[in-house]
Amino acid sequence: ELFVLKSAVLLCQALNAIKAGSVAKINKSKMPFPQRENVKAFCDGVRALGVPDMYNFTTEDLFEGKNLKQVRICLEALARQCYNVEGYTGPTPSKQDKSKAGKSDGAKRFSVQQGGLWGKAGGDFKSGDANAQGAAVSANKQS
C-alpha cells in the first residue's frame, strides 16, 4: 500500500512554499530513515512557524500511520498559521480577527465569511477555477 504523504516530501515542499528555507534538505530516497528525517524536518518547521505543539504530530503518527487524525489537525493548524507568516501572500482559511486575538470568554465562536479563502494581501483569494468559490462553514455557538 502506497501512502503518498509517508515520505513527507510533499509536506516539506509545501512548507518551503509557505516560507522559503523552512526545510533545508528534502530527502527523496525510498529508504525509511531519510523519509523519517523528512517527517521530523516538517514537524520542526511547523513548530518554527508558530504552530503549537498540541497541534503537531510525531514521526510515527504519519510514517507508521498510527494517528492520521493528528496529522490532519496539524495541517489545519498550519493553514490557519499561514496568515501570520511574514512574506506569505497565498490563501488562508480565514482572516485573523485581530480584535479578538488572545481573548476568550469561554464561548466557541466561528465567523461567517462568504467568498471562500482569504488572501493575506487583502480581500478574497481569486482562483482561476470558478468552482473554487465557496463559503466558509460557520456558526455562532454559545455555550
Side-chain angles (χ1 to χ4, degrees), residues 1-105 107-141:
E1 172 178 337
L2 178 63
F3 183 57
V4 72
L5 295 180
K6 182 178 178 180
S7 70
V9 170
L10 291 175
L11 295 175
C12 291
Q13 290 172 340
L15 196 59
N16 279 341
I18 293 167
K19 183 166 182 166
S22 292
V23 178
K25 181 182 178 194
I26 302 173
N27 296 303
K28 296 188 178 178
S29 172
K30 302 288 182 198
M31 300 302 294
F33 186 74
Q35 291 178 347
R36 285 178 170 269
E37 286 180 340
N38 286 344
V39 175
K40 183 178 181 331
F42 174 80
C43 290
D44 291 345
V46 166
R47 185 176 296 111
L49 289 180
V51 174
D53 283 338
M54 65 186 261
Y55 297 120
N56 215 334
F57 60 92
T58 66
T59 302
E60 292 78 25
D61 290 340
L62 175 61
F63 193 78
E64 296 174 11
K66 288 190 174 184
N67 192 353
L68 297 178
K69 180 180 178 182
Q70 189 63 37
V71 174
R72 182 185 56 83
I73 289 169
C74 179
L75 294 175
E76 290 172 353
L78 175 61
R80 288 188 305 270
Q81 186 64 22
C82 284
Y83 198 83
N84 298 318
V85 175
E86 187 175 333
Y88 178 74
T89 58
T92 60
S94 63
K95 281 186 177 179
Q96 182 181 18
D97 186 355
K98 298 199 184 274
S99 66
K100 294 183 181 175
K103 299 176 185 174
S104 177
D105 60 2
K108 294 180 182 178
R109 298 227 190 303
F110 301 92
S111 61
V112 176
Q113 297 176 351
Q114 299 294 323
L117 299 174
W118 287 86
K120 194 171 170 188
D124 288 335
F125 176 73
K126 302 296 183 198
S127 173
D129 181 10
N131 293 328
Q133 299 293 328
V137 176
S138 59
N140 284 326
K141 281 186 142 180

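- N56 and C43 make their closest contact through ND2-O, 3.0 Å (heavy atoms, listed as atom of the first residue, atom of the second, distance).
- Evaluation of the side-chain contact (heavy atoms from CB on, under 4.5 Å) rule for Q70 yields F57, D61, N67, I73 as partners, not counting sequence neighbours.
- One finds the CZ atom of R36 at 4.5 Å from the CD atom of E64 (value rounded to the nearest 0.5 Å).
- Not counting sequence neighbours, K19 has no partner by the side-chain hydrogen bond (donor to acceptor under 3.5 Å, both in side chains) test.
- Residues F42 and L78 meet the side-chain proximity criterion, which asks for heavy atoms closer than 4.5 Å.
- L68 contributes atom CG, which lies 12.5 Å from atom SG of C74 (distance to the nearest 0.5 angstrom).
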Distance-only criterion, 3.5 Å: show the donor-acceptor pairs between side-chain atoms of residues 23-33 and protein atoms not counting sequence neighbours.
from : atom 1 : to  : atom 2 : distance (Å)
N27  : ND2    : E37 : OE1    : 3.1
S29  : OG     : M31 : N      : 3.0

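- The minimum heavy-atom distance between K6 and F63, with the atom names listed, is CE-O, 3.3 Å.
- Closest non-hydrogen pair, L62 versus L11, comes out as CD2-CD1, 3.7 Å.
- Nearest heavy atoms, N38 versus C12: O-SG, 3.4 Å.
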